[in-house]
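Since the structure comes first, as structure tokens, the remarks are kept for the end.
Along the sequence shown, residues are numbered consecutively beginning with 1.
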Amino acid sequence: MSDPIFDGLNSRQAEAVRATEGRIRVVAGAGTGKTKALTHRYAYIVNVLGIDPANILCLTFTNKAAAEMRQRIAGMVHSGDYNDFVCTLHGFCVKFLRKEIYRLGFPKSFSILDEEDCKALAKQAMDELGIKRTEKTVKQFLDGIAVEKALNGYIETYMLPGSQITDGMRKSSKLANYVSRQMKNYALDFDDLMNLTVYLLDKFPDACAWWQNQLNYIMVDEAQDCNADDWNLVERLSAKHRNLFIVGDPDQAIYEWRGARPDLFVGFAADRTVILDENYRSTPKILDVANSVIAHNRNRIPKDLFTRKAEGRAVIHFHGKSEKEEMEWIVAQIRLLMGNGAKINDFAILYRSTHQSRAIEQELLNAHLEYTIWGGTRFFERREIKDALSYLRLVNNQDDDLAFERILNVPSRKLGRTFLERLKADAEVQRVSLYSALQLHLSEYVKKTAEDFVALIEDAKQFALEHSISDLLNRLLDGSGLKKAIREDQDEDRLENLDELLSAIRFYERSRSEDEVSLAGYLQDIALYTNDDHRKDAPTVKLMTIHQAKGLEFPYVFLIGLSEGTFPNMRTIREYKKNGEEEERRLMYVAITRAEKALFLTESEGFNVSTKMNKYPSRFLAEIKRETLVTEGYIPEDLWRGTRNLIHVLDEEQYAPAASGDDGFAAERAAYESPFQVGTAVTHPVFGEGIIRDVGKDGSTFEVEFENGVTRRLRAGFLTLPDLPES
């Protein structure tokens, strides 16, 4: 171990570095130094084995990770002894195609389409095909193109020399129309880069043989995030020398919704598997919590992370009686830790979905604590929130030209730039607001949508005199078509943000006396949040979704909003069943393992925006061994019963037994049986009270006889049990 390459490596990392021949799988837990092992292995192959870097391919998923690897390797090997083959998967495809694409009649100078380029082509194709963008969004259109490219032999049909896309094909096929626009400039999107690379390897044996011979050693970082095409490519390239080194952690696979296949990592036919399980980031108490949660997953390679660090602070679970109490407790903990020497940029607040940032943002602003939304937009700066508030602003004050201009054509009313310029000119001449100008000249403009817009605002003005702000906003969201447009876009995050805004307004209304609540007062309060002067470059508390936190680490981590249905996410479980639950649990594991010194898990009672029901603690809290947590706040037993009931509704199955050991809730689960049994009295919102007469085989449907003699087979989600809190 005198070789400097092994300096600072533990025995498992050193084993991974020396394992150069054959198919090697390294299962690298969070914070175990996988990048260190990978870059030291690269240096070992070059400096000790004497392999030319031109014969080594080192792949990762992001340009940032590739740049970091190149930087580390440059400090360990002789000057010039590393090359462009330390890159992303798509970066390699570009290098491959620059050399080989001539075989398909393409110039080597082909262009690459970025996301905005693809959207521009999609819009052109949709316009020609007569597809209204309100009916099918650009994103949906591009998603459909990607699916067609995966299933369709489009390369032979549309892209090879001699292929001809006729006018008839363009008019009848979305794919043909889109690809024809690409081919005008020999432009490739990201899907093409991978598809054409695999196609060339398949169809040109001499090209395949050259690359297989060239690449003596192939290394893949974050291999658990590889999709089927990625695996196909690396398996093909490594087929001759069989020196394929994959590094990853199935417990941190959180991109199955993007097509990642962690099961292929788990099932990888390895000559040797090395497990990196010594964590250098977190304290033992944090790792105990992480290990006890992830042990409940089945599609994984078992391992328990450990560390040689001191025990550290206990992990705290805080239960609040309300969301406000939860947020106030978080801010109080931050202030307490800062009083003991912590810096403001030591803190990260993580959440499952973007709409959850609203409550903590408001509390941090109230406390005058600087914060940054990492990789995202502050809640009150999000497009749909500004649109909704602009409708309220215009109802409150028809002279608000900024609000008027923002929403006149949101959603689209075909009142574009030309219409607005004419309106501005009329308003200028008469020295009135834009809204007043629209009213005065409505008959001249002859626009039905303009008449509808004025009618909407006038109706809302009258409605606001006798109704709450939340009811007013609901009326505006429905009447304007804004909510419908977002729903047609299938943008669940934006819908949840609007629901969160409504929830916040209802809280504002409840928390003040009736004479204190006014539309003008609410908008004035919100202006204090939206106009807050925050410096982007200042040290701040970091707020982010768990997906954005992957790969990062922070001294103090608050994981908030741990309510069943929010986290784990109800939509994910309903769509992907058990696989969805396991992915959500991996997200929980990723969140926990971001913490270095202290971890705080929080949730509260109240209304759940995600489930449209009362809030119950997350199943993930129930899976943590009790002795590893300190709980603050009393949790009534009926809340845990609500958790179990909701799990039954979402999962259509009972709690699975713990994968290993007693997590402190084993006896409770063993005693628990489904509350929906033959003979149980239930209530249905339409049919009224009834008795369960039969339970379906899977336990998710129930035949209920109601008082009027009507019998119906119903799902559990539509039935209420008398002994549980009503939603």
Side-chain angles (χ1 to χ4, degrees), residues 88-94 96-98 100-204 207 226-233 236 255-261 412 485 487-491 575:
T88 65
L89 276 151
H90 284 98
F92 169 76
C93 290
V94 171
F96 175 93
L97 291 173
R98 294 289 184 213
E100 305 291 350
I101 204 167
Y102 75 91
R103 298 170 185 268
L104 304 181
F106 278 67
K108 291 186 179 182
S109 58
F110 64 86
S111 58
I112 300 170
L113 299 170
D114 63 18
E115 189 175 345
E116 291 306 311
D117 295 330
C118 291
K119 286 179 181 177
L121 287 189
K123 288 174 183 176
Q124 293 171 18
M126 291 168 75
D127 288 344
E128 184 176 340
L129 292 164
I131 300 172
K132 294 180 181 177
R133 295 179 201 167
T134 54
E135 294 173 4
K136 199 174 189 72
T137 67
V138 174
K139 181 180 183 302
Q140 286 174 300
F141 183 88
L142 288 171
D143 287 345
I145 294 295
V147 170
E148 283 199 68
K149 284 185 174 182
L151 301 175
N152 190 312
Y154 77 102
I155 295 173
E156 292 95 334
T157 306
Y158 302 128
M159 301 183 87
L160 295 187
S163 299
Q164 187 174 4
I165 302 176
T166 65
D167 287 343
M169 294 164 73
R170 284 169 56 93
K171 290 175 182 175
S172 62
S173 165
K174 300 182 188 72
L175 181 61
N177 197 302
Y178 180 82
V179 174
S180 69
R181 296 172 191 282
Q182 288 185 256
M183 293 300 291
K184 284 180 183 177
N185 299 305
Y186 290 106
L188 306 182
D189 62 22
F190 268 38
D191 291 327
D192 298 324
L193 296 177
M194 178 65 71
N195 294 340
L196 285 169
T197 297
V198 172
Y199 180 85
L200 283 160
L201 289 170
D202 276 344
K203 301 297 182 182
F204 296 91
C226 286
N227 63 31
D229 289 336
D230 301 333
W231 280 105
N232 181 23
L233 177 61
R236 182 73 56 84
Y255 297 116
E256 279 197 80
W257 52 279
R258 287 188 192 167
R261 294 286 303 275
S412 175
R487 190 175 288 112
E488 285 177 346
D489 281 353
Q490 297 186 1
D491 195 329
E575 187 170 351

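Of all heavy-atom pairs spanning S172 and G168, the tightest one is OG-O, 2.9 Å. Shortest non-hydrogen contact noted between L142 and C118 is CD2-O, 3.8 Å. The two residues G259 and N227 come nearest to each other via the heavy atoms O-CB, 3.1 Å. Across L97 and L193, no two heavy atoms sit closer than the pair CD1-O, 3.7 Å.
For residues 166-189, every residue pair satisfying the ring-ring contact (aromatic ring centres under 6.0 Å, His included) rule, not counting sequence neighbours, is listed here: F106-Y186. Sorted by first then second residue, the side chain to side chain donor-acceptor pair (under 3.5 Å) pairs that include residues 110-120, not counting sequence neighbours, number zero. For residues 149-170, every residue pair satisfying the salt bridge (Lys or Arg N to Asp or Glu O under 4.0 Å) rule, not counting sequence neighbours, is listed here: E128-R170, K149-D189, K149-D192.
The shortest distance between side-chain heavy atoms of Y154 and E148 does not fall below 4.5 Å. When side chains are defined from C-beta on, L188 counts as touching I101, because their heavy atoms get closer than 4.5 Å. Using a 4.5 Å heavy-atom threshold, the side chains of Q182 and Y158 count as separate. Counting only heavy atoms from C-beta outward, the side chains of F190 and L113 never approach each other to under 4.5 Å.
With sequence neighbours left out, Y102 forms a ring pair (Phe, Tyr, Trp, His ring centres under 6.0 Å) with no residue at all. With sequence neighbours left out, the side-chain hydrogen bond (donor to acceptor under 3.5 Å, both in side chains) criterion links D230 to no other residue. Contacts of R103 classified as salt bridge (Lys or Arg N to Asp or Glu O under 4.0 Å), with partners at least two apart in sequence or in another chain: E100, D206. Every residue was checked against the ring pair (Phe, Tyr, Trp, His ring centres under 6.0 Å) condition with F110, not counting sequence neighbours, and none meets it. Residues meeting the side-chain hydrogen bond (donor to acceptor under 3.5 Å, both in side chains) test with K139, sequence neighbours left out: D143. In terms of the salt bridge (Lys or Arg N to Asp or Glu O under 4.0 Å) criterion, D229 has no residue partners (sequence neighbours excluded). In this view, F96 and W211 satisfy the ring pair (Phe, Tyr, Trp, His ring centres under 6.0 Å) rule, not counting sequence neighbours. Q124 meets the side chain to side chain contact (heavy atoms under 4.5 Å, CB included) test with L121, R181; sequence neighbours excluded. In this view, D127 and R133 satisfy the side chain to side chain contact (heavy atoms under 4.5 Å, CB included) rule, not counting sequence neighbours.
M126 contributes atom CE, which lies 12.0 Å from atom NZ of K132 (distance to the nearest 0.5 angstrom). For the atom pair CE of M159 and CD1 of I165, the computed distance is 8.5 Å after rounding to the nearest 0.5 Å. If you take CG on D202 and CG on N232, they are separated by 7.0 Å, rounding to the nearest 0.5 Å.
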